[in-house]
Amino acid sequence: MIYKCDGIVIDNEPLIKDFIYLMKIKETKIAEYAKPGQFLEIKTGTLPLLRKPISIFAVDKVEGTISILYQVKGQGTKNLSQFKIGQSIDLMGPLGNGFAVEKFNKKCLLIGGGIGVAPLYDLGLRLKEVGNEVEFILGFSSKETSYAIEYFKELGPVKIATIDGSVGVKGTVGAILEDYDLTDISKAYGCGPEPMLKYLKTIEDEVDLELSLEAYMGCGLGACLSCVCKMNDGDYKRVCKEGPVFKAKEVSFDE
Amino acid sequence: MIYKCDGIVIDNEPLIKDFIYLMKIKETKIAEYAKPGQFLEIKTGTLPLLRKPISIFAVDKVEGTISILYQVKGQGTKNLSQFKIGQSIDLMGPLGNGFAVEKFNKKCLLIGGGIGVAPLYDLGLRLKEVGNEVEFILGFSSKETSYAIEYFKELGPVKIATIDGSVGVKGTVGAILEDYDLTDISKAYGCGPEPMLKYLKTIEDEVDLELSLEAYMGCGLGACLSCVCKMNDGDYKRVCKEGPVFKAKEVSFDE
Amino acid sequence: MSKLECQLGKLLLKNPVTVASGTFGSGKEFKDFYDLSLLGGIMVKGTTPEKRVGNKPQRLVETSGGVINSIGLANGGIDDFIFNILPEAKTYGTEIIVNISGGCIEEYGIMAHKLDLEGVGAVEVNISCPNVKEGGITFGTDPEMAYDVTKIVKANTSKPVIMKLSPNVTNIAIMAKAVESGGADIISMINTLIGMSIDVEKRKPIINNVIGGYSGPPIKPVALRMVYEVYKAVNIPIIGMGGIMNTTDALEFLMAGASAISVGTGNFVDPYIPINIIKGLEEYVEKNGLLSYKEIIGAVHR
Amino acid sequence: MSKLECQLGKLLLKNPVTVASGTFGSGKEFKDFYDLSLLGGIMVKGTTPEKRVGNKPQRLVETSGGVINSIGLANGGIDDFIFNILPEAKTYGTEIIVNISGGCIEEYGIMAHKLDLEGVGAVEVNISCPNVKEGGITFGTDPEMAYDVTKIVKANTSKPVIMKLSPNVTNIAIMAKAVESGGADIISMINTLIGMSIDVEKRKPIINNVIGGYSGPPIKPVALRMVYEVYKAVNIPIIGMGGIMNTTDALEFLMAGASAISVGTGNFVDPYIPINIIKGLEEYVEKNGLLSYKEIIGAVHR
Ligand SMILES: Cc1cc2nc3c(=O)[nH]c(=O)nc-3n(C[C@H](O)[C@H](O)[C@H](O)COP(=O)(O)OP(=O)(O)OC[C@H]3O[C@@H](n4cnc5c(N)ncnc54)[C@H](O)[C@@H]3O)c2cc1C
Ligand SMILES: Cc1cc2nc3c(=O)[nH]c(=O)nc-3n(C[C@H](O)[C@H](O)[C@H](O)COP(=O)(O)OP(=O)(O)OC[C@H]3O[C@@H](n4cnc5c(N)ncnc54)[C@H](O)[C@@H]3O)c2cc1C
Ligand SMILES: Cc1cc2nc3c(=O)[nH]c(=O)nc-3n(C[C@H](O)[C@H](O)[C@H](O)COP(=O)(O)O)c2cc1C
Ligand SMILES: Cc1cc2nc3c(=O)[nH]c(=O)nc-3n(C[C@H](O)[C@H](O)[C@H](O)COP(=O)(O)O)c2cc1C
Ligand code: FES
Ligand code: FES
């Protein structure tokens with residue numbers, strides 16, 4: 001069931017000013033049905049015209065709230081950053097398929113790059129709830145532009161990579177994965193920029209891997225066919241409906 | 001000299017909530033040069049795209065401020081009503097020709113209808129400054145929708161007409177003018193809705209009369225030729241440049 | 001009889017509010033929001049004779065307050081539509097209007113013939129796609145080709161035939177007259193304007209296909225003007241669309257001469273727009289003491 | 001040599017930023033804001049053989065984030081321009097480009113001949129006005145008529161001839177080729193789209209003339225697409241316009257294939273837009289280490 005409803009902003013704090021924000025929204029129905037990896041389509045103002053797809057970062061089903069972690073890029077996310085506490089916000093969701101959550105034999109590895117870390121917090125939490133151990137590998141460009149790490153530390157060990165080496169290992173998440181023993185891992189999940197996802201496909205034979213993709217969206221509902229990504233069989237699938245989560249082996253990043 | 005500058009809002013109070021507002025703006029250059037009857041072109045937000053023409057209600061050349069009195073009609077004036085104290089506001093002005101101000105033998109009569117009263121306050125003040133006596137006839141639709149009367153009372157006697165008769169004479173300003181002795185008057189000025197201006201043209205032979213007109217404006221600068229009104233000689237003149245003030249005898253309201 | 005009942009030639013809609021092809025899937029995608037039977041009709045996503053995967057992404061971008069798309073008529077093909085989509089769609093309790101595109105005149109005939117089925121309310125013929133045989137001239141810009149397409153579709157179906165006009169022409173009235181004389185029952189208009197958007201960082205077009213169809217609020221003035229012109233030129237009813245977002249927009253189209261309207265890009269912004277417009281029209285009709293909304297069709301011409 | 005120096009055939013501008021006809025008067029109206037010699041050029045308000053009072057108001061309205069106008073070419077006539085406006089305009093220190101409109105082909109020739117004067121930088125030929133003789137078909141939609149107008153203007157002037165294209169055509173490339181083969185030195189594009197807006201309270205068109213020219217930000221995607229198409233079709237330089245409000249917009253037009261740009265409706269919103277774009281282009285050229293802004297002309301085609 002997809003709802004369109006007006007949530008109420010109950011918090012909207014910068015983690016890094018003008019860059020990364022965490023917004024908490026009271027919206028019981030979406031909170032009730034949301035699964036990890038699903039996203040919202042948010043109307044951020046009169047313009048931009050289109051809603052903006054934003055992942056669900058955290059859900060509190062008891063208090064009926066959802067949180068989003070977002071990066072200010074253009075007008076839409078800038079508008080988001082200007083919402084005040086108590087203001088109503090026009091949401092559609094929960095959308096998309098979400099990550100597979102079940103009890104696995106071995107550990108789960110959650111790999112995020114930049115704002116791609118957003119859906120991994122709720123995922124980690126749900127994986128733990130059903131009895132898994134979770135570990136995180138998170139990549140940022142630098143110490144100053146890294147964020148939300150303390151949230152992930154609540155759930156399990158966190159390894160950090162930064163491009164400039166200012167914290168953790170120097171390089172991308174690949175620099176950590178190179179030396180990582182994947183035999184310990186039942187299931188891996190990845191979300192981040194396309195180069196990272198492309199890199200992750202190189203480990204798809206070593207571990208059962210799910211990737212959350214991004215694509216430019218018109219409707220978020222499966223109607224407009226704009227958000228497609230290429231599958232290995234040459235066909236296209238809709239990121240908003242069959243995705244955003246796909247098995248790594250299904251997808252193709254070839255031109 | 002026309003300036004485009006960012007003024008600072010120093011007051012923006014509703015006289016009647018969601019309907020009539022009085023905004024005071026710090027903007028020394030425009031304040032210095034503004035003449036009564038001139039107007040500003042104000043950028044009220046991203047949309048509407050076009051600036052909005054608003055008359056100058058009052059000017060304080062000493063403190064370097066200008067005030068505007070405006071009625072909320074659509075998006076542009078709604079945006080105006082939401083400006084906060086301390087916010088900067090993008091203005092162009094002073095624009096247009098303005099009313100003729102000089103020392104006359106007899107009294108001056110200032111006739112305003114609805115929001116058309118706006119330019120008459122500054123005009124009254126300047127006329128007094130040069131030694132004239134001023135009287136006002138102001139028309140509103142009802143007591144509840146009348147406003148700013150106390151400002152005009154500072155300057156001279158004020159007669160009120162309301163359509164529903166809830167205050168003053170019942171009817172339009174015409175109901176007062178009918179019985180008015182114009183032989184006492186050297187000069188009359190009118191500003192208000194088109195039906196009122198049409199009515200005023202019926203007294204143009206009895207008294208020297210100037211009218212301030214409205215027209216839909218593109219540029220406010222005389223460049224686009226959109227704001228024209230018909231003259232008695234069949235030609236068109238630009239309300240933003242040759243106007244907004246015309247001699248009553250010059251203009252024609254015929255279709 | 002409801003004051004919103006809408007008669008378009010032999011096509012009867014419960015109200016004049018429909019949803020535009022390509023923006024509403026087959027209806028299924030919007031089922032969670034409201035009862036689809038409230039709608040006057042659904043123009044389903046365009047179908048073609050064979051399955052098409054569509055264009056390489058990026059297929060859509062917001063620009064200048066509107067949207068450019070180049071989906072490339074991605075769909076499972078007409079047979080897939082008939083066997084896998086229509087059976088469910090026809091249970092929605094609203095008119096299912098099937099939007100078709102062919103690569104040559106004959107294909108339009110074949111598709112129309114296949115769709116002469118129970119559950120199909122009308123056929124909407126998209127003539128904005130290029131004609132492969134005639135070297136890429138689109139059917140929608142050449143009046144003779146538009147006439148021929150209309151003829152062949154009419155000859156192959158008992159359903160009302162809606163010809164959908166492209167706005168990318170010098171003279172829309174000529175196109176309208178051509179499809180009218182070909183036997184069209186209804187005209188729907190406008191399809192998208194052709195537009196482009198550039199990524200100045202990458203120095204590349206944003207849409208992978210370079211150009212695409214421009215829709216949404218910015219195209220409304222052009223759409224209204226064309227509806228106005230076509231209303232004067234023909235005697236068949238018009239379904240107006242192009243940037244409709246609310247009841248006022250819908251009223252503008254009706255007054256310009258449309259007998260019904262379609263919400264397109266608006267469905268992405270707020271899926272409830274068609275429903276809000278139905279309510280808005282009901283209120284308008286009551287407030288103005290009209291016996292039927294029809295009284296305002298073409299009002300600006302009077 | 002300045003990195004913004006702009007060579008359009010034999011017309012040399014100090015930079016590629018001009019202001020569009022009808023939105024900048026004769027320049028005088030903007031003199032208070034900045035030194036007009038900063039501009040690449042000024043396209044003055046359209047002139048006609050005789051004085052025209054223009055259309056009955058309301059002549060302009062904002063709609064859908066843009067503007068519709070129907071001024072009706074109000075102007076004092078070509079002689080008035082030459083004797084009363086040009087003498088001042090030619091002192092501004094920027095190229096004065098005179099926009100002309102005729103009611104028949106001969107009138108274009110006469111006007112071009114009269115304007116073959118010192119102080120006139122170029123003639124810009126507006127072919128969007130209806131041809132009275134040929135029953136209201138506009139010169140701007142018929143390639144043969146556009147060709148004939150170009151020919152006669154060229155035959156009557158030694159000045160660079162800029163042909164201004166209307167976007168209200170099926171195939172803009174054909175129009176561009178027609179004026180190129182008629183001898184046009186430069187193409188400027190686009191003129192306004194034709195649009196309409198309705199007052200639903202009054203049930204009347206808002207513009208007294210019913211339809212009008214639609215300009216401003218909403219038309220940018222259409223303008224860019226057409227510049228892109230024309231760049232591929234012809235070898236003469238293009239002055240691009242349509243909704244340009246800032247440096248990014250200007251860069252989009254240059255990358256699509258324009259060699260210069262024009263700010264129109266933007267002048268109403270903020271008279272400093274042309275100046276801001278000149279600064280913005282200077283910065284862009286520096287930041288990207290270009291020898292000349294010309295390096296990005298047509299960049300998306302590569
Ligand atoms: C399934 C999904 C989940 C996402 N989750 C998050 C999240 O949790 N936090 C977060 O900060 N960001 C997330 N994003 C990205 C976010 O949608 C974009 O950053 C946002 O739309 C940018 O809009 P803007 O107006 O601020 O910037 P713009 O300047 O409009 O765009 C900046 C870039 O964002 C992307 N973008 C813009 N509009 C859309 C759109 N309609 N659909 C998809 N991409 C678009 C484009 O790549 C564009 O180049 C997610 C995207 C998808 C598809
Ligand atoms: C010289 C002049 C002086 C004015 N002085 C005042 C004043 O002191 N106080 C005041 O409240 N109002 C004044 N007005 C009217 C004011 O400009 C309009 O009410 C305002 O533009 C409405 O804009 P909107 O977006 O709120 O409403 P909209 O819904 O856009 O328009 C409501 C009505 O306002 C008029 N209008 C809209 N845009 C323009 C425009 N660009 N130019 C002219 N008229 C327009 C139209 O008649 C329109 O029907 C003046 C107008 C003129 C021409
Ligand atoms: C994403 C998208 C896909 C579309 N697909 C089709 C289509 O398959 N067939 C068709 O005739 N029109 C198609 N259209 C055009 C719309 O039906 C409509 O004519 C146009 O978008 C104008 O209306 P709007 O401004 O309300 O969107 C599509 C439009 C969009 C935005
Ligand atoms: C009020 C107005 C008047 C115009 N007058 C003319 C004109 O006289 N001659 C002409 O060729 N174009 C005229 N135009 C068209 C502009 O020069 C320009 O081509 C068009 O507006 C698109 O650019 P823009 O979107 O930046 O405004 C006019 C445009 C406007 C808005
Ligand atoms: S965004 Fe419309 S189908 Fe995915
Ligand atoms: S508003 Fe442009 S000339 Fe008056």
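The chains referred to below are lettered A, B, ... by the order of the sequence lines, with proteins before strands, and numbering in each begins at 1. Predicted model, so just to flag it, every value in this text is computed and none were measured.
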**Message:** Under a 3.5 Å distance rule, please check whether D/R59 uses its side chain to pair with a backbone N or O of B/L225 as donor and acceptor.
**Reply:** yes
**Prompt:** Would you find a donor on one side and an acceptor on the other, under 3.5 Å apart, between the side chain of D/E29 and the backbone of B/A223?
**Reply:** no
**Prompt:** Under a 4.5 Å cut-off applied to non-hydrogen side-chain atoms, are D/K51 and B/D235 in contact?
**Reply:** yes
[X] versus [Y], closest heavy-atom pair with distance:
| X | Y | answer |
| --- | --- | --- |
| B/Y3 | D/F33 | C-CE2, 4.1 Å |
| D/F268 | B/C224 | CZ-CB, 3.5 Å |
| D/V53 | B/Y236 | O-CD1, 3.4 Å |
| D/E62 | B/Y216 | N-OH, 3.1 Å |

**Message:** Please classify the contact of D/S26 with chain B as side chain, backbone, both or neither, using a heavy-atom distance under 4.5 Å.
**Reply:** neither
**Fill in**
Whatever's closer than 4.5 Å to a heavy atom in chain B on D/N55 counts as backbone
**Message:** To the closest 0.5 Å, what do you measure between OG1 (D/T63) and CG (B/L49)?
**Reply:** 11.0 Å
**Prompt:** Atom CG in D/L60, atom CE in B/M217: separation rounded to 0.5 Å?
**Reply:** 11.5 Å
Quick check for you: among [options], which has the greatest number of heavy-atom pairs under 4.5 Å with chain D?
| options | answer |
| --- | --- |
| B/I2, B/L47, B/T46 | B/I2 |
| B/C227, B/G222, B/G234 | B/G222 |
| B/G218, B/A215, B/C229 | B/G218 |

[X] [atom1]: over 12 foreign heavy atoms closer than 6.0 Å:
| X | atom1 | answer |
| --- | --- | --- |
| B/Q87 | CD | yes |
| B/K78 | NZ | no |
| B/Y33 | OH | no |

**Message:** Run the side chain to side chain contact (heavy atoms under 4.5 Å, CB included) test on D/N267 and B/L221 for me, step by step, so that the C-alpha distance in whole Å, both residues' side-chain angles and the decisive distance to 0.1 Å come before the verdict.
**Reply:** CA-CA 10 Å; D/N267 294 310; B/L221 299 168; over 6 Å; no
**Request:** Sort B/K4 into side chain, backbone, both or neither according to what part of it lies under 4.5 angstrom from a heavy atom of chain D.
**Result:** both
**Message:** My understanding is that only one of D/V61, D/I71, D/N69 makes a side-chain contact (heavy atoms from CB on, under 4.5 Å) with B/S226; could you say which?
**Reply:** D/I71
